[in-house]
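Treat the numbers as computed from the prediction; the structure is a model and nothing was measured. Just follow the structure's listing: the first ligand is 1, and inside any ligand the first atom is 1.
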Amino acid sequence: MNAPVVIIGTGLAGYNVAREFRKLDSETPLLLITADDGRSYSKPMLSTGFGKNKDADGLSMAEPGAMAEQLKAEIRTHTRISGIDPGHKRLWIGEEAVIYRDLILAWGAETVRVPIEGDAADCVFPINDLEDYARFRAAAAGKRRVLLLGAGLIGCEFANDLTLGGYEVQLVAPCEQVMPTLLHPAAAAAVQAGLESLGARFHLGPVLNRLQRVTDGLEAHLSDGQVIPCDVVVSAIGLRPRVDLAAAAGLQVSRGIMVDRHLKTSHANIYALGDCAEVDGLNLLYVMPLMSCARALAQTLAGNPTAVTYGPMPITVKTPVCPLVVSPPPRGAEGIWTVEGQGADIKVLCRDAAGKLLGYALTGAAVMEKLALNKELPALLA
Ligand SMILES: Cc1cc2nc3c(=O)[nH]c(=O)nc-3n(C[C@H](O)[C@H](O)[C@H](O)COP(=O)(O)OP(=O)(O)OC[C@H]3O[C@@H](n4cnc5c(N)ncnc54)[C@H](O)[C@@H]3O)c2cc1C
């Protein structure tokens, strides 16, 4: 039998590259391997589940068996890859070797964890996949007070969603503003004010040092001396591309697994896309870039080598209390920022010296201008 195309990961990257490949090639054996339960779901929906009143099963779109049939593929669930042997075109699942024709790494990013003192570290929940989400929902059932760690995009989305779900939310992060790496301070202030209007409380500056059990729940001790009573803690302090197994196999890694425009790693017949991949220097943890990569890579795998291109990729942040769309300027671009508007409706533009638009952040009613502005934005990978 011919060696299969093997895809590691059944997230949006793995399933989409499989789907795109099957449009072009219905015969080559296809094997998907995943450490989780293999259900098809859209990860962005995890931070909308309480507002939409959907539990983990409600967010699942298809069982792995149905996906296997649809993709004419074999799918191995709850199966963790433990090593890659590029010289022999095989990978390891413990002691078992699996050979591949081409190997596609779509194994995502993992949540950053920091050590927390105290006897309640097991009450800290990262939410980075459907199984994490199910565990958190179970822990939060019947509870009232959630402490959120992290004020990035994901922390803010959960703050909005959990307040919609009826929880009292307090948010702790060591930065001065929400979404510090993504957002101009004027737009960040509008989003924070929106979340505060829902009742969310922000503690920007300190970190969580210690979490301990008390008679009626938990006590969170912050580095600035504050003590916050809560029932459960969500950790959204960042994501790091999974690179260890790739590095151990001798593949070049930087922030992510380094790939060229053809999504090819430093080794023949091994490709990467999605959150784990750094494509021509860009590691973007969003759906739009991974969809472009899935389409291009499917062509390459089907014998038609195709380079990926990225157009403008604005990010829609799911904070419905204060809608936000942001398109950060491309790496290295120097621009001049202007801020218009007030209150919830902020328009921040970044232009170069010649007046060309490099990036923007729009909040509230200003979001309506995004389509017109998108036409002016530069491509991220032309
Ligand atoms: C709460 C939340 C909200 C988001 N909202 C948005 C949004 O609104 N818009 C947007 O563009 N992006 C959003 N994102 C980001 C987006 O969801 C991700 O960029 C995307 O889902 C990544 O897909 P992926 O397939 O690369 O990785 P993942 O979905 O993480 O999939 C990784 C897969 O690899 C498997 N795996 C890992 N290690 C191994 C191993 N050793 N062996 C076998 N299998 C392994 C896992 O089990 C899993 O199947 C959000 C992310 C989160 C967490």
Side-chain angles (χ1 to χ4, degrees), residues 6-19 31-50 59 64 67 75-84 91-94 96 98 103-112 125-133 136 148 150 152-162 182 234-246 248-249 256-257 263 272-279 283-294 297 310 313-320 323-327:
V6 178
I7 300 174
I8 313 302
T10 55
L12 289 169
Y15 272 143
N16 275 297
V17 73
R19 201 173 278 128
L31 169 64
L32 282 82
I33 301 174
T34 179
D36 62 29
D37 62 19
R39 287 194 285 181
S40 167
Y41 73 105
S42 175
K43 191 185 283 200
M45 296 298 113
L46 295 182
S47 46
T48 65
F50 285 92
L59 292 177
M67 293 304 292
I75 303 181
R76 291 181 62 174
T77 58
H78 297 298
T79 303
R80 190 170 284 279
I81 298 306
S82 50
I84 306 169
L91 54 86
W92 295 102
I93 301 165
E96 180 193 352
V98 174
L103 175 63
I104 293 113
L105 308 178
W107 59 34
E110 62 201 357
T111 43
V112 172
F125 291 85
I127 307 180
N128 186 36
D129 60 35
L130 199 57
E131 292 178 339
D132 285 345
Y133 185 70
F136 170 69
L148 254 166
L153 179 154
I154 292 172
C156 288
E157 290 190 352
F158 277 122
N160 200 143
D161 195 48
L162 288 164
L182 193 62
V234 173
S235 176
I237 58 175
L239 291 166
R240 193 167 28 220
R242 293 188 176 103
V243 297
D244 292 357
L245 289 178
I257 300 166
L263 293 318
L273 80 163
D275 281 5
C276 65
E278 182 173 324
V279 183
N283 171 237
L284 303 175
L285 306 180
Y286 302 105
V287 176
M288 248 171 62
L290 77 76
M291 298 297 268
S292 301
C293 288
L297 180 53
Y310 293 165
M313 296 213 164
I315 302 153
T316 299
V317 181
K318 303 184 294 298
T319 46
L324 165 65
V325 185
V326 55
S327 186

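- Listed by number with element, the atoms of ligand 1 under 4.0 Å from a non-hydrogen atom of L12 are 21 (O), 25 (O).
- The residue S82 has no part lying near ligand 1, judged by heavy-atom distances below 4.0 Å.
- When each atom of ligand 1 is checked for a heavy atom of I8 under 4.0 Å away, the hits are 42 (N), 43 (C), 44 (N).
- In summary, the atoms of ligand 1 found under 4.0 Å from a heavy atom of T10, numbered by their order in the structure, are 33 (C), 49 (O).
- Nearest heavy-atom pair, L245 versus S82, reported as atom, atom and distance to 0.1 Å: CD2-O, 3.3 Å.
- For the pair D129 and ligand 1, no heavy-atom separation below 4.0 Å is found.
- In this structure, the protein non-hydrogen atom closest to atom 15 (C) of ligand 1 is L285 O, 3.4 Å.
- Residue F158 places a heavy atom under 4.0 Å from ligand 1.
- In this structure, atom 29 (O) of ligand 1 lies nearest to the protein heavy atom K43 CE, 3.3 Å.
- For L32, the side-chain contact (heavy atoms from CB on, under 4.5 Å) partners are I7, T10, Y15, A18, L30, A73, I75, not counting sequence neighbours.
- Polar contact with ligand 1: present for V287 (N/O pair, distance under 3.5 Å).
- Annotation: M288, atom CE; neighbour count of heavy atoms from other residues, nucleotides and ligands within 6.0 Å is above 12.
- Heavy atoms of T79 come nearer than 4.0 angstrom to ligand 1 in at least one pair.
- Backbone and side-chain nitrogen or oxygen atoms of K318 are examined, and one is located within less than 3.5 angstrom of a nitrogen or oxygen of ligand 1.
- Among all non-hydrogen protein atoms, the one lying nearest atom 26 (O) of ligand 1 is D275 N, 2.9 Å.
- The atoms of ligand 1 that sit less than 4.0 Å from any heavy atom of A106 are 32 (C), 33 (C), 34 (O).
- Shortest non-hydrogen contact noted between N283 and P241 is OD1-CG, 3.3 Å.
- A 4.5 Å side-chain heavy-atom check between Y286 and P44 finds every atom pair outside the cut-off.
- Without hydrogens or angle criteria, D161 side chain to F50 main chain gives a donor-acceptor distance under 3.5 Å.
- Looking at L239 next to ligand 1, no N or O pair under 3.5 Å apart turns up.
- Contact annotation: for T34 versus ligand 1, heavy atoms closer than 4.0 Å belong to both the backbone and the side chain.
- In terms of protein heavy-atom proximity, atom 38 (N) of ligand 1 is closest to W107 CB, 3.7 Å.
- For the pair A35 and ligand 1, the shortest N or O to N or O distance falls below 3.5 Å.
- The protein atom (non-hydrogen) at minimum distance from atom 40 (C) of ligand 1 is I81 N, 3.7 Å.
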